[in-house]
Amino acid sequence: MYFNCKRIAVVVGLFAFIKSGDAQEQLGKESMPVNDIEMIVQPNKCVALTQGRRCYAQVNITWQSEIPTTVCLIESNTSLKLNCWEQKRQGQFTYEMASAEDVTLSLMPLGSSPAEEPLVITSATIEVSWLYEGSARKRRWRLF
Amino acid sequence: MFKPYFLISSFLALLCCPVYASTDQDFSDEFNWNLTIELGLVKDSTLIVGGEQDDFDDFAALSVWIDLYYKGFFIQSNRYRSSGVIGATEIGYELHLDKDFEINIINKNYLAGFDQRNVGLISDQEIAELSGIDTRKFAPNQGIRYLRYLDNAVAWVDVSVDLLTGYHRGWVVDAFYNRTMEYRNWDVSYGIGASLFSEDMTDYFFGVDSHEIRENRPFYEPGSGYRVELEAVAHYPIAEDWLFTIGSTFSHYSNSIYDSPLVARQNVLRFKMSVSYVF
């Protein structure tokens with residue numbers, strides 16, 4: 001399923017995120033110090049048998065921060081909030097993927113939504129690929 | 001009384017006549033091909049005597065297969081894939097295409113050939129039990145397939161005769177039903193099929209002629225025979241280009257075939273586990 005099980009480490013500085021004082025006000029918190037969050041998504045590829053078919057994978061997501069952080073893990077495609085952590089330096093989550101398209105997972109400050117791009121702290125995409133293009137009408141039906 | 005051979009061959013001739021050519025075809029102009037290199041382990045209890053697997057080489061099967069499709073013509077390497085025999089390739093042409101069914105002309109092997117040195121995965125070895133027999137060549141039959149697409153399933157009936165090679169001039173009626181279920185990234189299929197072989201065909205493959213008679217090999221002339229098969233296969237995409245396959249086929253042969261001195265058993269169980277690179 002996951003041939004290239006490379007680890008991806010997406011390190012995004014919070015400079016862009018924290019530049020917006022508005023964002024912090026929305027959260028009702030004081031300005032946060034500069035922070036780096038490292039998120040590891042493994043695997044980052046999901047292979048289906050045929051194009052267009054839903055691909056299933058159990059994806060492990062871990063993140064860690066230099067300072068205690070309040071963040072949520074969001075499935076960007078659907079804006080679904082998968083999990084939140086309050087004032088944690090690290091987190092772990094197992095995501096049950098079932099999608100025919102690439103899935104982007106984002107860490108965002110609590111209370112923000114994926115529509116607010118600048119608020120994305122870090123994100124990673126799980127690519128969906130396939131072995132056979134299209135669902136050929138003719139195929140091999142016998143083993144031998 | 002007409003022999004089935006003449007009836008079937010006459011029917012095929014009519015189908016090839018332009019008058020009968022269907023005009024509402026919707027063939028894809030796109031040239032589709034699929035090249036696969038497969039490395040597998042095959043356990044075959046073998047129908048024919050002397051085909052027992054002993055060495056590791058007998059279990060390992062490296063095969064290169066190509067499937068092509070263009071404007072109604074297709075080549076598929078379905079049957080006897082593990083044998084690596086070119087003659088095992090299925091060639092066809094779609095006479096009529098419909099949403100739910102197809103009518104194809106096909107050229108296909110229904111029984112595997114063998115000789116005194118080659119049986120199943122055993123190749124280039126002197127097989128004492130088959131010493132002195134004539135070669136049973138891979139003799140593809142030509143015929144018509146009616147194939148029906150159902151929900152997650154396919155069923156077909158082949159009616160074919162040995163028109164081209166003339167090795168046995170026998171006919172076969174072959175039917176199969178296959179259902180596929182998706183479970184996460186797996187494809188799991190199971191199937192059931194039955195084949196009815198004419199006397200000419202069973203005689204060519206399983207009969208013993210007078211010049212082939214040996215101490216433990218009496219003269220034998222089988223009547224028509226049949227084979228019933230059950231199959232289960234699972235496919236899993238290991239990566240973008242790699243496919244894992246595991247499956248098993250159980251075949252039960254009629255008494256007329258089993259009673260042949262060339263046949264080792266009535267029930268044959270084959271198991272395959274393979275990894276394929278798909279181009």
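So that the names make sense, note that chain A is the first sequence line, chain B the second, and so on, each numbered from 1. None of these values were measured; they are calculated from a predicted model.
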* Asked: For B:F73 and B:Y93, what are the C-alpha separation, side-chain angles and deciding distance, and is it a ring-ring contact (aromatic ring centres under 6.0 Å, His included)?
  -> CA-CA 4 Å; B:F73 286 97; B:Y93 178 72; 4.5 Å; yes
* Structure fact -> Exactly one of B:W186, B:Y183, B:W242 clears ring-ring contact (aromatic ring centres under 6.0 Å, His included) with B:Y236, and that residue is B:W186
* Structure fact -> Whatever's closer than 4.5 Å to a heavy atom in chain A on B:F244 counts as neither
* Structure fact -> Max heavy-atom pairs within cutoff under 4.5 Å with chain A, candidates B:T180, B:D241, B:V233, B:V154, goes to B:V154
* To do: Please flag which part of A:E96 lies under 4.5 Å from any non-hydrogen atom of chain B: side chain, backbone, both or neither.
  => side chain
* To do: Please state whether the side chain, the backbone, both or neither of B:D187 comes within less than 4.5 Å of a heavy atom of chain A.
  => both
* Is it the backbone or the side chain of B:T245 that comes under 4.5 Å from a heavy atom of chain A, or both, or neither? -> side chain
* Asked: Is the closest side-chain donor-acceptor distance between A:Y95 and A:N60 under 3.5 Å?
  -> no
* Asked: Taking the six-membered ring of B:F197 as reference, does the NZ or CZ atom of B:R227 fall below 6.0 Å from its centre and within a 45° cone about the axis?
  -> no
* Who are the side chain to side chain donor-acceptor pair (under 3.5 Å) partners of A:S129, not counting sequence neighbours? -> B:E240
* Asked: Checking heavy atoms, do the side chain of A:R54, its backbone, both or neither come under 4.5 Å from chain B?
  -> backbone
* Asked: For B:F271, is it the side chain, the backbone, both, or neither that has a heavy atom closer than 4.5 Å to a heavy atom of chain A?
  -> backbone
* How about A:C72 and A:K81: do any of their side-chain heavy atoms sit closer than 4.5 Å? -> yes
